[in-house]
Amino acid sequence: MRKWRLRRGITALALALLVLPTVPGTAHADPTYPFRDPHLPVQVRVDDLLGRLTLDEKISWLHQYQPAVPRLGIGLFKTGTEALHGVAWSTDIDNSGAVVKARGTSFPQPVGMASTWNPDLIQRVGSAVGDEARGYHAQNPRVWGLNLWAPVVNLLRDPRWGRNEEGYSEDPLLTAKISTAYGSGMTGGDPDHLKSAPTLKHYLAYNNEVRRDTTSSNVPPRVLNEYDRAAFKPAITADAATGVMASYNLVNGRPATVDPDLATVVRGWTDRPLMNVTDAWAPNNLVASQGYYPTQAEGNAAIVKAGLNSFITDDTNAQPTVTAIKQALASGLLTEADIDARIAEILNLRMRLGEFDPGGGRYGGITPDVINSPEHQRLARQAAGEAMVLLKNSRQALPLNPARTRKVAVLGPLADTLYTDWYGADLPYQVTALDGIRERLGSSASVDGLDGADRIALRDPSTGRYVTATGTTDADPVAATGTDASLAAQFDSVDWGQNVVTLRNAANGRYLGYNWGPFVTRDEQPNGWYVQQQFTLEPQADGTVAVRYAGYETKESWFGVNTYVTVGDDGALKLGAATAADATHFQREVISSGVDRAVAAAKAADTAVLVVGSNPFINGREAHDRTSMALSAGQEALVKAVTKANPRTVLVLQTSYPVTIDWEQDHVPAIVWTTHAGAETGHAVADVLFGDRNPSGKLTQTWYRSDRQLPPDLLEYDIISSGQTYLYSTAKPLYPFGHGLSYTGFRYGQLRADARSVGADGTITARVDVTNTGSRAGSEVVQLYSHQRSSRVKTPIRALRSFQRVELAPGQTRTVTLRVRAADLANWDVTRSRWVVESSAYDLMVGASATDVRARTAVTVRGETIPARDLSRTTRAENFDGYAGVRLVDETKVRGTAVGATAAGQWISFAKSALRPGNHTLTARVAKATAGTGSIQVRLGSPTGRLLGTATVPSTGDDYRYVDVSADVARVAGTHDVYLVFDSPLRLADFSLR
């Protein structure tokens with residue numbers, strides 16, 4: 001306390017000596033203001049500027065668009081520029097918040113960046129992104145803010161998640177390594193002088209798009225700490241991120257927008273102030289879709305107190321936020337001190353970004369010249385190449401010999417096109433797979449490309465007229481007015497799966513889209529929030545098809561029932577029917593078969609390169625999960641036909657996520673996976689196919705054989721009890737976590753640990769010799785996993801503990817050293833709510849994937865043995881060992897987690913509990929909103945085991961009104977599994993047996 005007072009006194013003295021009187025109404029800041037002196041400590045500068053702001057100014061800065069303060073010479077500051085794998089887009093306050101797309105360097109989607117398993121490379125990528133953010137900021141600081149919303153560190157628990165492309169891995173360690181590398185690159189590596197300010201998305205347990213603003217992620221304490229929080233903590237601790245974005249969903253019954261973790265747990269991971277932000281429009285959800293607070297004033301007050309600094313809502317209109325905050329202040333829900341705490345954290349960030357330094361500080365001299373620079377293009381090519389994963393390579397089908405490969409057919413819907421995604425920039429140039437292969441082989445080779453799409457025409461049989469394009473603007477409607485199947489009446493139909501097709505006009509190359517009516521052929525690619533270029537062609541009994549519009553807005557409650565196309569008397573197309581029966585039935589005339597043309601090309605070629613996969617705007621993205629992992633039926637048919645026609649077929653699978661390709665694995669000689677990897681995709685594909693780059697990427701997710709290997713419910717977040725991810729799944733995958741082949745071979749020697757045993761505070765050092773046994777130089781990612789042999793609880797089958805990328809010349813051997821802190825082997829002990837390293841033998845396994853183990857050893861860790869539970873102490877109900885049916889819920893709207901039963905027969909259990917003869921009273925803190933009484937039974941051994949006693953639970957009339965109830969229980973001694981069984985909906989916060 002004395003040191004604190006001394007520090008405050010020195011700060012006050014410094015300010016008193018430095019601050020000159022201010023003149024009200026001054027148009028520009030006095031250059032002698034301490035907040036503009038870069039030689040002063042950041043906190044001194046923050047305190048000075050905070051003291052100069054009025055309350056109204058401080059409140060206004062809680063909105064995303066922090067307005068200028070001309071009297072202090074301070075300009076607009078905007079939180080949020082999207083930069084997931086390159087600077088992507090931002091919004092323009094001077095143009096009603098319109099989206100402004102970047103055209104800078106685009107790196108592989110994050111799931112691809114992580115597949116490099118190369119943190120050093122990803123740090124360089126992050127640095128390039130930070131440079132380009134500065135370059136754009138120099139162009140227009142009102143549009144391009146330096147607070148970057150990236151990276152996404154939500155774990156890829158379920159590959160059906162629509163935003164799979166945005167994350168890194170299903171593993172928390174790998175996610176932490178890659179996100180820390182990317183973030184540290186963006187910051188510049190000096191947390192006192194930020195190049196840019198990365199914000200981690202989305203805290204917490206956010207892995208579903210279906211009803212994402214109203215679903216609650218059920219996350220027991222072990223999953224919460226060992227899995228979900230574990231992905232966020234490292235980047236914050238390493239100063240590689242400057243805050244987090246709260247997710248849309250609820251976590252254990254409480255909206256993440258008011259998660260108290262944001263003010264406590266997350267801020268406890270660093271000594272530096274953080275600036276946390278809401279997700280877009282999430283503050284309004286608290287009152288609207290979530291109904292968590294009755295007024296926006298109460299909701300906004302809760303957001304501020306929960307530790308969020310910036311309200312991303314109402315687009316450019318800050319007034320609703322300001323009004324609600326002022327109402328909260330007037331009603332005593334907030335104090336000015338609450339506001340000051342959040343604004344001080346904002347100021348700290350702005351200071352470190354150099355905004356108030358002469359010339360913009362350390363990074364203020366970066367100019368737009370860095371955007372899409374040749375250096376960054378080379379880096380993008382390297383990243384795209386290292387991200388590629390060789391899934392299969394039988395009989396050395398790859399690499400292709402360029403001297404012998406003189407005629408190539410490059411086939412498939414992604415052969416000659418590149419797709420960006422919702423969080424990607426516009427590509428400044430494009431090198432497709434076809435381009436890259438042509439460039440590599442030169443003009444003397446014959447390289448032809450076909451997309452394999454059926455070219456069709458749609459004819460209205462009642463009039464004989466064809467659906468025909470008339471132009472490429474909004475004023476050029478598509479109508480059933482064509483007298484013949486001219487080029488303008490022909491469409492290339494590409495199957496993207498789940499019956500969704502796109503229709504590209506053969507005359508103008510643009511996609512058919514709804515555009516809220518009339519239908520037009522305007523867009524060069526499927527795009528937009530609702531992706532209005534999606535259709536299904538539903539076969540009818542009479543051989544015709546009904547055209548159903550499948551734009552994403554059709555899934556919204558407000559859209560209406562009419563989704564089928566009808567033709568008016570004038571030939572105009574409209575959505576005029578709710579069923580296929582009432583729709584216009586079109587004759588689907590096949591002008592030419594895409595499969596037939598592809599087969600002919602493949603037969604005539606030395607090699608066929610098939611490029612198939614996903615469209616990032618269609619096959620799962622923000623707001624839309626996948627319902628299946630399958631490759632589209634049309635694309636699979638193309639693969640089967642081409643492979644049969646030419647056994648020298650190579651499959652390039654370009655997707656944002658794992659897909660089920662069992663047939664392909666069994667029949668196609670070579671399979672390469674790449675994510676959508678940006679403008680340099682084609683160069684990277686050619687580099688790998690022709691051996692100019694030896695593939696070294698490794699999968700960051702398990703690739704399953706079928707949807708049946710996943711939980712039926714995408715909303716199942718408890719990976720431990722449900723057996724999800726490589727950590728707990730016993731299913732035999734198609735490709736395991738960490739899988740990836742090379743054009744050379746690697747031999748592993750014996751795994752050697754530096755000691756047979758280690759204390760809980762020690763470090764395990766393991767060494768293994770790795771030899772390149774082939775004739776090519778190559779890189780191997782050496783992966784170290786552990787398995788705990790004995791534990792009080794269920795532990796992972798295997799867990800990644802360390803990895804190292806090693807480059808080896810032919811015949812070269814290197815000793816790879818991998819270190820693991822014993823503390824990193826800790827589990828979350830639910831009996832005492834803390835981390836614990838258990839005494840156990842730990843198997844250490846090293847290899848090329850989670851299942852390709854090449855060597856192993858064992859080390860004993862001298863930790864502790866978790867004692868039997870002492871239920872005589874107050875025990876939090878959430879800290880159960882097992883459960884059935886119950887949900888975790890919010891104990892209060894501010895903090896705490898309780899157990900919520902929803903039906904009779906649901907239960908929670910507490911394993912290995914020490915009961916003493918004197919324990920004869922159950923005391924429980926409960927709430928019951930519904931009328932009537934309920935009960936909690938205490939049983940031994942099972943939910944139907946010996947009944948010790950029953951507590952009656954009265955109605956409290958409110959989920960948040962708790963009372964204490966008690967009941968006598970039979971006296972039992974010894975160690976038992978204790979079950980609490982519920983007979984009706986109620987909430988249990990804590991209990992004891994005394």
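Predicted model, so just to flag it, every value in this text is computed and none were measured.
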Residue pair Q327 / T295, side-chain heavy-atom distance below 4.5 Å: no
Residues forming a side-chain hydrogen bond (donor to acceptor under 3.5 Å, both in side chains) with N284, sequence neighbours excluded: T313, D314
Exercise: identify the closest heavy-atom pair between D213 and S289: OD2-OG, 2.7 Å
Test item: side-chain donor near acceptor, T795 and R222, under 3.5 Å: no
Centroid-centroid distance, Y227 to Y728, less than 6.0 Å: no
Residues T215 and N208: side-chain donor-acceptor under 3.5 angstrom: yes
Nearest non-hydrogen partners of R939 and S942, listed with the distance: CB-O, 3.7 Å
Charged N-O contact under 4.0 Å between K893 and E298: no
Enclosure of K928 NZ (heavy-atom neighbours >12, cutoff 6.0 Å): yes
Validation row, ring centre Y206 to ring centre W161 under 6.0 Å: yes
Minimum side-chain heavy-atom gap Q906-Y883 below 4.5 Å: no
V926 side chain reached by I936 side chain, heavy atoms, under 4.5 Å: yes
Rounded distance (nearest 0.5 Å) linking atom NE2 of H787 with atom CD1 of I797: 8.5 Å
Distance-only polar pair, side chains of N147 and T199, donor-acceptor under 3.5 Å: yes
Salt bridge R801-D824, side-chain N to carboxylate O under 4.0 Å: no
Student check: side-chain heavy atoms of D977 and S909 closer than 4.5 Å: no
Intermediate values then yes/no, side-chain contact (heavy atoms from CB on, under 4.5 Å), W61 and V322: CA-CA 9 Å; W61 279 14; V322 169; over 6 Å; no
Side chains of S310 and I312 in contact at under 4.5 Å (non-hydrogen atoms): yes
Side-chain ion pair, D890 and R987, N-O less than 4.0 Å: yes
Heavy-atom neighbours of R925 CZ exceed 12 at 6.0 Å: yes
Y726 side chain to D171 side chain, donor-acceptor N/O pair below 3.5 angstrom: yes
Heavy-atom side-chain proximity of L980 to V899 below 4.5 angstrom: no
Salt-bridge criterion met for E209 and K555 (N-O under 4.0 Å): no
Approximate separation, where rounding is to 0.5 Å, of R798 CZ and Q788 CD: 15.0 Å
Carboxylate-amine/guanidinium contact R792 D829, below 4.0 Å: no
Considering all heavy atoms, the nearest L204-S247 contact: N-OG, 3.0 Å
Derivation of the side-chain contact (heavy atoms from CB on, under 4.5 Å) call for I236 and L274: CA-CA 9 Å; I236 297 290; L274 300 177; 4.2 Å; yes
Contacts of S790 that satisfy side-chain hydrogen bond (donor to acceptor under 3.5 Å, both in side chains) - sequence neighbours left out: S840
Distance (rounded to the nearest 0.5 Å) between R212 CZ and H624 NE2: 8.5 Å
Ionic contact status for D259 with R254, cut-off 4.0 Å: no
SB check R160 D625 (cutoff 4.0 Å): no
E878-N252 side chain donor-acceptor pair, cut-off 3.5 Å: no
Test: K201 and E622 ion pair at under 4.0 Å: no
Salt bridge flag under 4.0 Å for residues D870 and R916: yes
Inter-residue atom distance S872.OG - N919.CG, 0.5 Å rounding: 6.0 Å
Over 12 foreign heavy atoms within 6.0 Å of CZ, R873: no
CG/D271: more than 12 non-hydrogen atoms of other groups inside 6.0 Å: no
Close side-chain approach of E170 and I719, heavy atoms under 4.5 Å: no
Under 3.5 Å donor-acceptor, E864 side chain and V836 backbone: no
All side-chain hydrogen bond (donor to acceptor under 3.5 Å, both in side chains) counterparts of T335, not counting sequence neighbours: D338
Validation row: N225, N827 side chains within 4.5 angstrom (heavy atoms): no
